[in-house]
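Atom set for the values below is all heavy atoms of this structure, side chains included, hydrogens, waters and symmetry mates excluded. By convention in this document, chain letters (A, B, ...) are assigned in the order of the sequence lines, proteins followed by strands, and residues within each chain are numbered from 1.
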Amino acid sequence: MKNIIKDLIKDSLNKNFKGNDIPLNNIEVNLCKDQKFGDYSSNIAMKIASSFNEKPTAIAEKLVESLQENRKIKKVEVVKPGFINFFVSEDSKFSIVDKILKEKSDYGKNSVGNNLRVLVEFVSANPTGPLHVGHGRGAVFGDCLSNMLKESGYSVTKEYYVNDAGKQIDILVVSVLQRYHELIDNNFEFSYEDLYKGDYIWDIAAELHRNEGAKFQINSLIDYKNTNIDLYITKIKEVLSDKKFSYIKKLCINYVLENIKINLVEANIDFDSWFFESSLVEDKSLDRVLEFLKKNNHTYSKDKALWFKSTDYNDEKDRVLVKENQDHTYLATDIAYHEKKIERKYDLSINIWGADHHGYVSRIQGAFQIFSKKRSNLKILLVQFANLYRGKEKVTMSTRSGEFVTLNQLLKEVGKDAMRFFYLTRKSDQHMDFDIELAKSNNNNNPVYYVQYAHARICSIFRQLKKEKNSFSYDKENLINLREEEELNIINKLSSYPDVILSATKKYEPHLITNYVRELAQEVHAYYNKHQILVENNDLRNARLSLMEAAKYVFQNSAKIIGIEMPEKM
RNA sequence: GCGCCUGUAGCUCAUUUGGAUAGAGCAUCGGAUUUCUAAUCCGAGGGUAGUAGGUUCGAGUCCUACCAGGCGUGCCA
């Protein structure tokens, strides 16, 4: 509909201002907030008024006069500052119901994606412990965004980047070894301040002990108790042998990743691909990328370290790729990983990061630019953390101390649907507060129930219809019976759904969809309360049922994108 | 210090690439069910959009300064 109006305006512009410099491809047509202004409006007259030195209203009048007749437009008006308001004919409004009933689960889809290959990388939490609520928002955001992109015709791969090669993993191994030795021999003092302390460390140690006995016991490290952690790790690898250390490492990573996968599945998130940092070292991609950077003058050596000239790309300072001790940094493998994304021929890479990583954006964008020559191919979206509250008390979290609320706990407390919906009601770059107590104690205040209830009510109507031994038969001609204000409101809402999907996708803003579906639920509840759907008159009843059936599809289609259930009964 | 993000009703947040009277939910108060599910609906009160300027037909939205909060500023990941 928007496009039809745009074309009409374009045509009229050509008639009136031919030869002049008018942005024909940039005509704005928007849905009206208020019904009294009509259904759609355009501000084109005000936009171009200054360049013709005429009053906006005068230009608007001129444009309206030469507008072509169209049976879908009932009326066109010019209002005060210079808006042109369009009133859509009833016929054309009803046709949206017909369209939905024909397209069903396809209603809302579009093809702007044109099958472009998109890689969405998200969560990517270090496999050093279970996912906690800090990861939740990004996880849900990334998953929903992927669903939206699919709906818009992109070919989407969801990927989790597993940091299994760095120092943090070694610390995890040491943490497990510590508990393992406590299980074998309490006198073995293996303490170190910075180790991981969660219960899962005990679980892994116990599994190791159960399966392998005392095979990994070591006795000669007490002298290194107070050295720095790097030295400590090196020493352990030496005493234990690299082979045994790697064995335990593999065990740890598998254990933690399994746990993460289970959590994600419970949150209705599944990944297409798990990319391991270690593979970049093993297949020499890292070496290759470092060589390329060196050769092309993007690096230099200083203080026995290799530096990346990230200041060439808006970074505040240059960054180290290879440390003095010849270990590579996280950045080095991350650059190799992004080079790999280009090599894997994705048209668009989307990274979803916690907002605390924003300082990292320019250096990765810079590196990406070096390999792709096109900056626009990498989109980095930052998701603000949700502050977690229990009542008035803020919950502080730290993976190290082991004091964190896991994603699993949150899922159990508030449920998958509520969690996903709640996370998605806010713009992702906006800080948000998540009060667990409120979400737990006040289930009926949760917006997700409001939406699901609207859908369940519709289903209930159809159940009642069956009970009355009646049936629903659809006839397009019947739709003219929909004359109530509430019915037209619902029709308007339903017709804007494809636009919402499109603009949510373009702007990477899933919250537009949760807002939309809540508004639709509101219209449906209001209608349900005021009007009886199962009326005596066959034509009217079928018309109303058609409308409800259409609404049902839109509820289901948006629920699929949001990733929640739409129960038939509550 | 420097950089990025944020500031909208008592609280949590919306506000469609700058549009018409800034909207929801929660909380408060008052109503609605012989009816397809009351997890619902209808109504009321509640605002200097952090502050001060600027840009223009028009600013919560863009620009500048200041104030307040968050994050970043590692040869950590």
At less than 4.0 Å, is any side-chain N or O atom of [X] found next to OP1 or OP2 of [N]? Yes or no.
{"X": "Lys323(A)", "N": "rA77(B)", "answer": "yes"}
{"X": "Lys33(A)", "N": "rA20(B)", "answer": "yes"}
{"X": "Arg457(A)", "N": "rA39(B)", "answer": "no"}

For [X] and [N], what is the distance between atoms [atom1] and [atom2] respectively, to the nearest whole Å?
{"X": "Phe421(A)", "N": "rG25(B)", "atom1": "CZ", "atom2": "P", "value": "13 Å"}
{"X": "Ile461(A)", "N": "rU40(B)", "atom1": "CD1", "atom2": "C1'", "value": "12 Å"}
{"X": "Ile364(A)", "N": "rC4(B)", "atom1": "CD1", "atom2": "P", "value": "20 Å"}
{"X": "Phe308(A)", "N": "rG74(B)", "atom1": "CZ", "atom2": "C1'", "value": "17 Å"}
{"X": "Asp334(A)", "N": "rA77(B)", "atom1": "CG", "atom2": "C1'", "value": "10 Å"}
{"X": "Arg518(A)", "N": "rG23(B)", "atom1": "CZ", "atom2": "P", "value": "16 Å"}
{"X": "Leu331(A)", "N": "rA77(B)", "atom1": "CG", "atom2": "P", "value": "10 Å"}
{"X": "Met432(A)", "N": "rC11(B)", "atom1": "CE", "atom2": "C1'", "value": "14 Å"}

Quiz item: Under a 3.5 Å cutoff on both atom distances, Watson-Crick or G-U, what's the dot-bracket for RNA chain B ([ ] crossing, | other strand)?
Solution: (((((((..((((.....[...)))).(((((.......))))).....(((((..]....))))))))))))....
Quiz item: If each of Leu382(A) and Glu509(A) is mapped to the nucleotide of RNA chain B with the nearest heavy atom, which maps nearer the 5' terminus, i.e. the 5' end?
Solution: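 Going by which nucleotide is closer to the 5' end, it is Leu382(A).
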Quiz item: Which residue, Tyr528(A) or Lys427(A), contacts RNA chain B at a nucleotide closer to its 5' end, judged by nearest heavy atom?
Solution: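 Comparing both residues, the 5'-ward one is Lys427(A).
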Is the shortest side-chain N to carboxylate O distance from [X] to [Y] below 4.0 Å?
{"X": "Glu519(A)", "Y": "Lys493(A)", "result": "yes"}
{"X": "Lys6(A)", "Y": "Glu28(A)", "result": "no"}
{"X": "Asp164(A)", "Y": "Lys249(A)", "result": "no"}
{"X": "Glu468(A)", "Y": "Lys466(A)", "result": "no"}
{"X": "Arg363(A)", "Y": "Asp315(A)", "result": "yes"}

Quiz item: Are the ring of Phe83(A) and the six-membered base ring of rG19(B) within the stacking cut-offs of under 5.5 Å and under 30°?
Solution: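 Phe83(A) vs rG19(B): stacking no.
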Quiz item: Does the side-chain ring of Tyr450(A) sit on the six-membered ring of the rA39(B) base, less than 5.5 Å centre to centre and under 30° in tilt?
Solution: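 Not stacked: fails the 5.5 Å / 30° test.
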Could you go through nucleotides 28-35 of chain B and list every protein N or O atom that sits under 3.5 Å from one of its N or O atoms, giving the distance for each pair?
residue, atom, partner, partner atom, Å
rU35(B), O2, Gln532(A), OE1, 2.9

Quiz item: Which of parallel (below 30°), tilted (30 to 60°) and perpendicular (above 60°) describes Tyr497(A) and Tyr516(A)?
Solution: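 Rings of Tyr497(A) and Tyr516(A): tilted, 30 to 60°.
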Practice problem: Describe, in one word, how the ring planes of Tyr161(A) and Tyr337(A) are oriented to each other, choosing from parallel (under 30°), tilted (30 to 60°) and perpendicular (over 60°). | Solution: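 Taking Tyr337(A) first and then Tyr161(A), their aromatic rings lie parallel (interplane angle under 30°).
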By nearest atom, which of the nucleotides [options] is closest to the [X] side chain?
{"X": "Ala526(A)", "options": "rA14(B), rC42(B), rC36(B)", "value": "rC42(B)"}
{"X": "Cys32(A)", "options": "rA20(B), rC76(B), rU40(B)", "value": "rA20(B)"}
{"X": "Ala305(A)", "options": "rA20(B), rC76(B), rC75(B)", "value": "rC75(B)"}
{"X": "Arg426(A)", "options": "rA20(B), rU12(B), rA77(B)", "value": "rU12(B)"}

Quiz item: So which heavy atom on Phe555(A) is nearest to which on Ala454(A), and how close?
Solution: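 Nearest heavy atoms, Phe555(A) then Ala454(A): CZ-CB, 3.7 Å.
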Could you measure between the two [atom1] atoms, the one in [N] and the one in [M], and give it in whole Å?
{"N": "rA24(B)", "M": "rA9(B)", "atom1": "P", "answer": "15 Å"}
{"N": "rG10(B)", "M": "rA49(B)", "atom1": "P", "answer": "12 Å"}
{"N": "rU61(B)", "M": "rG7(B)", "atom1": "P", "answer": "11 Å"}
{"N": "rG58(B)", "M": "rG45(B)", "atom1": "P", "answer": "31 Å"}
{"N": "rC26(B)", "M": "rU40(B)", "atom1": "P", "answer": "8 Å"}
{"N": "rA52(B)", "M": "rU15(B)", "atom1": "P", "answer": "25 Å"}
{"N": "rU12(B)", "M": "rA27(B)", "atom1": "P", "answer": "15 Å"}
{"N": "rU34(B)", "M": "rU51(B)", "atom1": "P", "answer": "49 Å"}

Self-check item: Stepwise ring pair (Phe, Tyr, Trp, His ring centres under 6.0 Å) check, Phe17(A) with Phe52(A)
Solution: CA-CA 10 Å; Phe17(A) 306 101; Phe52(A) 292 103; 4.5 Å; yes
Heavy atoms under 4.0 Å, any strand shown: does [X] hit a base, just sugar-phosphate, or nothing?
{"X": "Asp327(A)", "value": "nothing"}
{"X": "Ala454(A)", "value": "nothing"}
{"X": "Gln430(A)", "value": "sugar-phosphate"}
{"X": "Ser41(A)", "value": "base"}
{"X": "Leu512(A)", "value": "sugar-phosphate"}
{"X": "His455(A)", "value": "nothing"}
{"X": "Lys530(A)", "value": "nothing"}

Quiz item: Do the numbers put Lys552(A) on top of the ring of Phe462(A), so that NZ or CZ is under 6.0 Å from the six-membered ring centre and no more than 45° off the axis?
Solution: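 The answer is yes; both the distance and angle limits are met.
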Quiz item: For Phe308(A), is the NZ or CZ atom of Arg319(A) found under 6.0 angstrom from the centre of its six-membered ring and inside 45 degrees of the ring axis?
Solution: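 Not satisfied by the 6.0 Å and 45° rule.
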Under-3.5 Å N/O pairs linking protein and nucleotides 69-73 of chain B:
residue, atom, partner, partner atom, Å
rC71(B), O2, His358(A), NE2, 2.9

Self-check item: Gln168(A) and Tyr196(A) side chains, donor-acceptor separation under 3.5 Å
Solution: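 Side-chain D/A pair, Tyr196(A) to Gln168(A): present.
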Quiz item: Is there a donor-acceptor contact under 3.5 Å linking the side chains of Asp417(A) and Tyr449(A)?
Solution: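 On atom types as modelled, these side chains do not qualify, holding no pair under 3.5 Å.
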Self-check item: Heavy atoms of other groups near Glu485(A) CD, more than 12 under 6.0 Å
Solution: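 No, not enclosed.
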Quiz item: Within the side chain of Asp318(A), is there an N or O that forms a donor-acceptor pair under 3.5 Å with the backbone of Ser310(A)?
Solution: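 Flag set: sc Asp318(A) to bb Ser310(A) pair under 3.5 Å.
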Practice problem: State whether the distance check finds a donor on one side and an acceptor on the other, under 3.5 Å, for side chain Asn85(A) versus base rA20(B). | Solution: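 By the distance-only test, yes, there is a pair.
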Quiz item: Looking at rA77(B), does its base get a donor-acceptor pair with the side chain of Thr128(A) below 3.5 Å?
Solution: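 No.
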